[in-house]
Amino acid sequence: MQEISFRNDILPLKDKLFRLALRITLDRAEAEDVVQDTMIRVWNKREEWSQFESIEAYCLVVTRNLAIDRSQKKEAQHVELTSEMEEANDELGPYDQLVIQERMAIIHRLINELPEKQRLIMQLRDIEGESYKEIADVLHLTEEQVKVNLFRARQKVKQRYTEIEGYGL
């Protein structure tokens, strides 16, 4: 088995861990604190790294658990997930930018209204690009449960978005 290095194997995960924490806490400062706490906890478990099947899955689980704990303790505010979307919007006219911002706000709201499990699965699959197996390992589910929950989450967001766009509901 390959030896795990904090600098080469764990530290590069910080952006992915941050996005996961941000999706759960909806607060940039809280997400940064969660990632810092995760890194400290993972470092303190360095003697056990060789026993982990996937250090990435372990980091994601720690981040998820810490973020859930923090979000339950503090009412968080919503923060945009990506700054790339804002940069891409600069090339559009003001009206088009407003339309895109409103659509993204609706989509974020719809995702946030999903049950926690579906929201996390959607985050890990559609935003982080994790495989079904990795998501199943992190959330302690079967791959089929991950696929079913992802399908239901996508369908619910699509259905509600269509209702809002078509009927203004």
Side-chain angles (χ1 to χ4, degrees), residues 9-28 30-35 37-39 41-42 52-89 99-169:
D9 298 320
I10 297 169
L11 204 52
L13 297 174
K14 69 180 179 357
D15 291 338
K16 183 183 284 190
L17 299 176
F18 174 76
R19 289 188 301 268
L20 176 62
L22 183 61
R23 168 53 57 202
I24 295 168
T25 63
L26 302 175
D27 182 83
R28 184 171 292 280
E30 284 292 324
E32 289 171 356
D33 290 345
V34 166
V35 171
D37 288 351
T38 298
M39 292 295 172
R41 285 186 185 208
V42 170
F52 298 142
E53 192 172 314
S54 167
I55 192 69
E56 181 178 352
Y58 176 75
C59 290
L60 288 167
V61 168
V62 170
T63 301
R64 174 182 166 260
N65 292 341
L66 287 172
I68 289 171
D69 287 347
R70 282 180 179 258
S71 69
Q72 289 174 347
K73 290 178 184 173
K74 179 182 179 204
E75 193 63 38
Q77 295 178 340
H78 182 66
V79 176
E80 282 296 319
L81 290 180
T82 59
S83 60
E84 293 88 26
M85 298 179 107
E86 291 176 20
E87 292 169 11
N89 289 346
V99 169
I100 290 172
Q101 286 175 345
E102 287 178 356
R103 286 181 180 161
M104 290 308 298
I106 291 169
I107 291 170
H108 284 295
R109 190 187 84 224
L110 294 175
I111 290 172
N112 288 334
E113 290 174 358
L114 292 171
E116 179 189 343
K117 186 189 312 181
Q118 290 180 359
R119 191 172 61 239
L120 285 173
I121 290 171
M122 190 174 235
Q123 165 76 23
L124 291 171
R125 180 69 181 164
D126 292 341
I127 298 171
E128 300 299 332
E130 296 286 335
S131 71
Y132 292 115
K133 180 172 180 8
E134 291 170 325
I135 296 169
D137 291 343
V138 168
L139 299 179
H140 305 293
L141 301 169
T142 66
E143 287 184 52
E144 286 304 312
Q145 288 173 315
V146 170
K147 290 177 184 177
V148 167
N149 277 285
L150 182 61
F151 175 79
R152 289 178 181 166
R154 288 174 176 165
Q155 287 300 105
K156 182 69 173 178
V157 169
K158 180 180 175 184
Q159 173 194 1
R160 291 284 295 131
Y161 184 81
T162 303
E163 289 172 1
I164 291 169
E165 281 292 299
Y167 308 110
L169 299 175

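If you're wondering where the values come from, they're calculated on a predicted model, not measured in any experiment. Throughout, numbering of the chain's residues begins at 1 and tracks the sequence.
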Quiz item: With side chains defined as the heavy atoms from C-beta onward, is the minimum distance between Glu130 and Val138 less than 4.5 Å?
Solution: no
Quiz item: For the atom pair CZ (Arg160) and CG (Leu114), what is the distance rounded to the nearest 0.5 Å?
Solution: 10.5 Å
Self-check item: Least distance between heavy atoms, Cys59 atom then Ile10 atom
Solution: SG-CG2, 4.1 Å
Exercise. Spell out, as yes or no, whether a donor-acceptor pair under 3.5 Å connects the side chain of Arg119 to the backbone of Ile111.
Key: no
Self-check item: Candidate pair Phe18 and Arg28, rule side-chain contact (heavy atoms from CB on, under 4.5 Å), full reasoning
Solution: CA-CA 9 Å; Phe18 174 76; Arg28 184 171 292 280; 3.4 Å; yes
Quiz item: If you measure from the Lys or Arg side-chain nitrogens to the Asp or Glu carboxylate oxygens, is any gap between Asp137 and Lys133 under 4.0 Å?
Solution: yes
Exercise. Can you see which heavy atom on Ala21 is nearest to which on Ala67, and at what distance?
Key: CA-CB, 4.1 Å
Self-check item: Student check: side-chain heavy atoms of Arg154 and Arg125 closer than 4.5 Å
Solution: yes
Quiz item: Is there a side-chain contact (heavy atoms from CB on, under 4.5 Å) between Glu134 and Leu124 once you walk through the steps?
Solution: CA-CA 9 Å; Glu134 291 170 325; Leu124 291 171; over 6 Å; no
Quiz item: Between Arg19 and Arg23, is any pair of side-chain heavy atoms under 4.5 Å apart?
Solution: no
Quiz item: Do Leu66 and Thr38 touch side chain to side chain, with heavy atoms closer than 4.5 Å?
Solution: yes
Practice problem: Working to the nearest 0.5 Å, report the span between CD of Gln123 and CD1 of Ile135. | Solution: 10.0 Å
Exercise. Grab the two heavy atoms, one from Ala31 and one from Thr25, that are nearest each other, plus how far apart they are.
Key: N-OG1, 3.8 Å
Quiz item: Does any non-hydrogen side-chain atom of Leu141 lie less than 4.5 Å from one of Ile121?
Solution: yes
Quiz item: Any side-chain heavy atom of Lys16 within less than 4.5 Å of one from Leu60?
Solution: yes
Self-check item: Qualifying residues under side-chain hydrogen bond (donor to acceptor under 3.5 Å, both in side chains), relative to Arg152, sequence neighbours excluded
Solution: none
Quiz item: Is Glu113 salt-bridged to Arg109, cutoff N-O under 4.0 Å?
Solution: yes
Quiz item: Do you know the tightest heavy-atom contact between Ile164 and Leu110?
Solution: CD1-CD2, 4.0 Å
Quiz prompt | Gap separating the CG atom of Asp37 from the CG atom of Asn65, nearest 0.5 angstrom | solution = 12.5 Å
Quiz item: Would a 4.5 Å heavy-atom cut-off, applied to side chains only, mark Glu165 and Ile106 as touching?
Solution: yes
Quiz prompt | Any pair counted as side-chain hydrogen bond (donor to acceptor under 3.5 Å, both in side chains), so long as it reaches residues 140-149, sequence neighbours left out | solution = Thr142-Gln145
Exercise. Applying side-chain contact (heavy atoms from CB on, under 4.5 Å), run through Leu17 and Met39 and close with a yes or a no.
Key: CA-CA 10 Å; Leu17 299 176; Met39 292 295 172; 3.8 Å; yes
Quiz item: So do Val34 and Leu20 actually touch side chain to side chain, heavy atoms under 4.5 Å?
Solution: no
Practice problem: Output, in order, the C-alpha distance, side-chain angles, deciding distance and verdict of side-chain contact (heavy atoms from CB on, under 4.5 Å) for Leu150 and Asp126. | Solution: CA-CA 9 Å; Leu150 182 61; Asp126 292 341; 4.0 Å; yes
